[in-house]
Amino acid sequence: MAKAVGLWVVFRPGPYINAETTGGGIPGWVLSETNGNLRSNNTDYFEAWSPYIAAISDIIRRNQISEGGPIISVQMENEYTNRKDQGPPYKPEMMEQLRKAFVDAGVVVPLTHNDAGMNGYYVNGTGAPDLYGFDDYPQGFDCSHPLAWNNLTKPYHEYHMDAFPDRPLYIPEAQQGSFDPWGPSAPGYEKCRLLTDKFFQNTLYYHMLASNAKMINLYMIYGGTSWGNIPHPGVYSSYDYGSAIRENRDLSEKYHYLKSLGIFLRSVPELYHTEVVSRRVISSSREDQSIVATHLRNPISGASFHFIRHLDASINDNVHYTLELDTNGGPLQLPLFYEAFLLKHRTIDLITTDIKFGSSLLNYTSTSIFFAGRMGGRDVLILYGDTDVSHESIIELKGQPNRAQKSPEVSLVKLFPLINPRAGTLISFLPGIKQIVEVWDSDEQLVLFCDTETANTLHAPVLAGKQDDPFRSFWGIGTNSSVVVGGPYLVRNATVEDGVLALYGDLKEDVLLRVIGISKDVQRITWNGMDVEPLGHLEERPSIVSIPLSRKDALRPTVPELRPWKYQNSLPEIEDDYDDSGWAIANKTKTTCPYKPLFGDGPILYACDYGFCEGAVVWRGYFNASKTKEGVRLVINGGEAFAASIWINGHFLGTIQEGCQIHELEGTRKGGGLRAVGVYIYDKDQKLNSLSLLLFSFLDRHRGILNTGGFFGERQGWHLPGFDDSSWEHRELQSGLPNDVPGVGFFRTQFILDAPTGQDIMMSFEFQDVESSPYRTLLFVNGWNMGKRVANLGPQIKFIVHEGVLDYHGPNTVVVALWAMEPGHFVRPQLRLVVDGQFDGGVGPSFEPGPSWDDLYRSKKLLLENYPKSVQ
């Protein structure tokens, strides 16, 4: 897929990757089967990861750039220290083992590592990669105060020159958003988006470019959903991350900035090879606020890039400044038309000189560059800037203008030919421009200017090169062809074949489709396969083809009410006559985990030591009550957002949540016999279930082991489509568990969707009961665990489910596993399906059904656990 769309890949296989995933990507079984420390060179850990790295390296080898693939580098490990006083010993030796494993498997692309900051870890020495880099999240991860800024302009360049001047400056993780924690006071992802908004992006990424960074990876452009048991305990199911693309795939204004920045970097290759010439403090209109000017220059072409920022990047005031700089054509005292430039608060200006576009030259501009290159047989330059300030450029204009400009906003553009024709033409753009203006239109050149808001609607899809070129979709290698398309919400793809320019994308509203840079051999334009404009009849083809484009009269999909529901108890394990004879006995006295039990000489009760590392778990324990033994002392320790409910002899004792709590359970003797204690734990680190039942967790290899945990209903496959629930009782989800008692129950319902075709429709499941209530749920959609809700902790109430998991044109099965944690609280979950957005376009139907209950259970002829007679 990356190769098809022209995306280079930095492959990050681990073994440890972090990304707020459970175990950082290291499987739970590795903890239980590895003696000693993980992430060190101990033999057990080496033997655990070696087969995986060998297998994944074979995939990398076949898809690296040397084999015609998109992989350009491979990262070893993640944000790892090499300090002896931090973490386990022999860390560099493990890194060296990883390096050797990749190289021996045929990986030839550079191996990289991401230091957690400018710490100097693995710059050189044992375990050092080919390409060192460091991560930076200057705003941190607290979105509670999104308008407060930290220092975004750290000394990247100085550190680079001091630590690794022989290698390019690489930033593997540049902050794009932030994760959001559990809790009722969690600020939510929209505040994380505000914390890292377009002004943050401009300041941080321009500062990185001004520091001469040549490889920057943004974390994350799209975070998505951490479904099932993927997330580590610190985050909830949504991993929206405040990213440029929201979890439901809606585009934020951050996306528009990144799109424009990406097209600029693609258009101006002179920036790929630059040297930092100077960094100097210059005066501004305010004596108390200095500004910094950084000059980058291409030593071959002389192209220059001047980044202008506040000395204190968090400053919230506008200042004016002037600038004197040298160009290939001589010195300039700027600005030329007006008294001073305006540097807005929390932004960095970029002033460029001596930039090529095709065979033409942009001598100087204070505007932003959207596109610079060749299109439709001409040199094309598209500039833009904010409508409330003035801008100026000097351009070597060529040829005779083809037609007089009729737009009233042309009066806001002034052209002044300089005395020396080779010096170019001075052009002034006055405030007030709010559309695309044709500055120069000749047979040789097309120069356009527009305001920033209009530039946000522009797209520049790549036109793929020759069919037999493996890099046909990669700009600058397999193709240098593009068109610029304005108006649509999203342009997904563009092709030119047999005189037809075929555009594909999404519409949010009726728009004026504008196409720039059409080659003369194009005779028709289509949008999502439909003809929108024949061009052959035009006597004189305009430089900007404008076509009204209307949304289809598609109806909003009918969203069914989620009912009726069927119900079944999913906690038979608390009953006396429950048969646990097939369960694993927790009788180990030693553990491979380096973190030993805090006290006691009893059996090890780390569930992963018994092979149960995912999801919820049930423990059953016994003690023999007598006159001298009339109680049990339980000490239960769990991570963030963990909980445990406790029953003894079928009687509910209580639920604990988070941290370490001690329960003294007195007066539990009953007839002096053996009695069972059931403990339900919702935590990734403490789990136990039946050894025989572990087989069931591996049945669904399609959805994977992280999809389910140890609830009785999960073990029986009640969450799967096709399960026969005809014997279940009718009970609405919003009625909660019978008699408002604590426990676990499964609720199932089905519905049919018949969504309109040719639409991209965003849907989610939303809990309407927003008040804090002591319950937790798992939401299964067509067998997929799409999220966990903790109603008394929050904050998540909306669960995004995309087409592909949902069948938009057929039946769907929804299952809610409800865990009520306290009696008498009238737990009343209310769940609905909602449409969050609808656009013309999309990518077409994509539903592929996963295995049903019959596929996984009946065909295997497996004997399922039986309910105890007392609850049948």
Decide yes or no for Phe799 and Ser238: does some side-chain heavy atom of the first lie under 4.5 Å from some side-chain heavy atom of the second? no
Run the salt bridge (charged side-chain N to carboxylate O under 4.0 Å, His left out) test against Arg731 and tell me which residues pass, sequence neighbours left out. none
My understanding is that only one of Gln176, Glu247, Glu20 makes a side-chain contact (heavy atoms from CB on, under 4.5 Å) with Tyr241; could you say which? Glu20
Student check: side-chain heavy atoms of Gln768 and Leu831 closer than 4.5 Å: no
Full working for side-chain contact (heavy atoms from CB on, under 4.5 Å) between Ser243 and Ile221: CA-CA 5 Å; Ser243 300; Ile221 290 180; 5.8 Å; no
Of the non-hydrogen atoms in Tyr775 and Ala820, which two are nearest, and what is the gap between them? CB-CA, 4.2 Å
Is a side-chain donor or acceptor of Arg748 paired with a backbone partner of Thr813 at a separation under 3.5 angstrom? no
Donor-acceptor pair, Asp240 side chain versus Asp180 backbone, under 3.5 Å? no
His719 ring center within less than 6.0 Å of Trp853 ring center: no
Trp182/Val235 under side-chain contact (heavy atoms from CB on, under 4.5 Å): CA gap, chis, key distance, verdict: CA-CA 6 Å; Trp182 293 97; Val235 295; 5.6 Å; no
Tyr239 and Tyr219 aromatic ring geometry - parallel, tilted or perpendicular at 30°/60° bounds: perpendicular
Between Trp647 and Phe652, is the ring centre distance below 6.0 Å? yes
Atom pair CZ (Arg789) and OH (Tyr236), whose distance is rounded to the nearest 0.5 Å: 12.5 Å
Derivation of the side chain to side chain donor-acceptor pair (under 3.5 Å) call for Asn587 and Tyr610: CA-CA 10 Å; Asn587 57 4; Tyr610 300 93; 4.9 Å; no
Hey, does Asp740 have a side-chain heavy atom less than 4.5 Å from the side chain of Arg828? yes
Heavy atoms, side chains only, cut-off 4.5 Å: are Phe711 and Trp718 in contact? no
Hydrogens and angles aside, do Lys254 and Thr196 bring a side-chain donor and acceptor to less than 3.5 Å of each other? yes
Kindly say whether Gly25 contributes a backbone atom to a donor-acceptor pair with the side chain of Thr21 at under 3.5 angstrom? yes
Assess whether atom NZ of Lys590 is packed by more than 12 heavy atoms of other residues, nucleotides or ligands within 6.0 Å. no
Quick one: does His232's side chain have a donor or acceptor within less than 3.5 Å of a partner on Gly23's backbone? no
4.5 Å side-chain heavy-atom contact, Trp728 and Phe723: yes
Taking the six-membered ring where the residue is Trp, are the ring centres of Phe179 and Phe141 under 6.0 Å apart? yes
Are side-chain N/O atoms of Tyr222 and Arg246 paired as donor and acceptor at under 3.5 Å? no
Are any non-hydrogen side-chain atoms of Leu720 and Pro851 less than 4.5 angstrom apart? no
Does the Glu732 side chain pair with the main chain of Gln734, one donor and one acceptor, at a distance under 3.5 Å? no
Kindly write out the residues that satisfy salt bridge (charged side-chain N to carboxylate O under 4.0 Å, His left out) with Asp760, not counting sequence neighbours, or none if the list is empty. Arg249, Arg492
Any donor-acceptor pair under 3.5 Å linking the side-chain atoms of Trp227 with those of Ser237? no
Assert yes or no for the condition that the ring centre distance of Trp583 to Phe612 is strictly below 6.0 Å. no
Scanning both residues in full, the closest heavy-atom pair of Tyr857 with Arg715 reads OH-O, 3.1 Å
CG/Leu779 to CG/Asn785 distance, rounded to the nearest 0.5 angstrom? 7.5 Å
Run the side-chain contact (heavy atoms from CB on, under 4.5 Å) test on Ile245 and Leu251 for me, step by step, so that the C-alpha distance in whole Å, both residues' side-chain angles and the decisive distance to 0.1 Å come before the verdict. CA-CA 5 Å; Ile245 304 175; Leu251 306 179; 4.0 Å; yes
To the nearest 0.5 angstrom, please state how far the OG1 atom of Thr749 sits from the CG atom of Leu833. 11.0 Å
Do Glu575 side-chain atoms and Asp577 backbone N/O form a donor-acceptor pair below 3.5 Å? no
Can you tell me how far apart NE2 (His730) and OG (Ser735) are? Round to the nearest 0.5 Å. 13.0 Å
Between CD on residue Glu79 and CD1 on residue Ile17, distance to nearest 0.5 Å: 12.0 Å
Check Ile604 against Thr589 and note the closest heavy-atom contact, atom names and distance. CG1-C, 3.7 Å
Within the 3.5 Å criterion, strictly below it, is a donor on Lys788 or Asn229 matched to an acceptor on the partner's side chain? yes
Please name the pair of heavy atoms, one in Tyr606 and one in Thr591, separated by the smallest distance, quoted to 0.1 Å. CD1-OG1, 3.7 Å
Are any non-hydrogen side-chain atoms of Phe747 and Lys566 less than 4.5 angstrom apart? no
Would you tell me whether Asn812 and Asn782 have side-chain atoms, one donor and one acceptor, within less than 3.5 Å of each other? yes
Out of curiosity, Leu699 CG to Ile705 CD1, how far, rounded to the nearest 0.5 Å? 11.0 Å
Steps toward side-chain contact (heavy atoms from CB on, under 4.5 Å) verdict (Phe765, Met786): CA-CA 10 Å; Phe765 289 85; Met786 295 309 300; over 6 Å; no
For Ser773 and Asn792, which I'm curious about, is there any donor-acceptor pair between the side chains at under 3.5 Å? no
Are the side chain of Gln175 and the backbone of Gly140 linked by a donor-acceptor contact shorter than 3.5 Å? yes
For Glu561, which residues count as a salt bridge (charged side-chain N to carboxylate O under 4.0 Å, His left out) partner, sequence neighbours excluded? Arg563
Closest contact, heavy atoms only, Val835 versus Arg556: O-NH2, 3.2 Å
How about Cys608 and Cys593: are their SG atoms under 2.5 Å apart? no
Validation row: Pro560, Leu753 side chains within 4.5 angstrom (heavy atoms): yes
Short side-chain to backbone donor-acceptor contact, Asp579 and Ser581, under 3.5 Å: yes
Pick one: which of Leu737, Asp725, Leu733, Val816 meets side-chain contact (heavy atoms from CB on, under 4.5 Å) with Tyr567? Leu737
Stepwise side chain to side chain donor-acceptor pair (under 3.5 Å) check, Ser32 with Asp609: CA-CA 5 Å; Ser32 63; Asp609 278 20; 5.2 Å; no
How far apart are the closest heavy atoms of Pro146 and Cys143, and which atoms are they? CD-O, 3.4 Å
Both conditions, 6.0 Å and 45 degrees, for the charged tip of Arg703 above the ring of Trp784: are they met here? yes
Please lay out, stage by stage, how Ser852 and Asp854 fare under the test side chain to side chain donor-acceptor pair (under 3.5 Å). CA-CA 5 Å; Ser852 67; Asp854 278 352; 5.3 Å; no
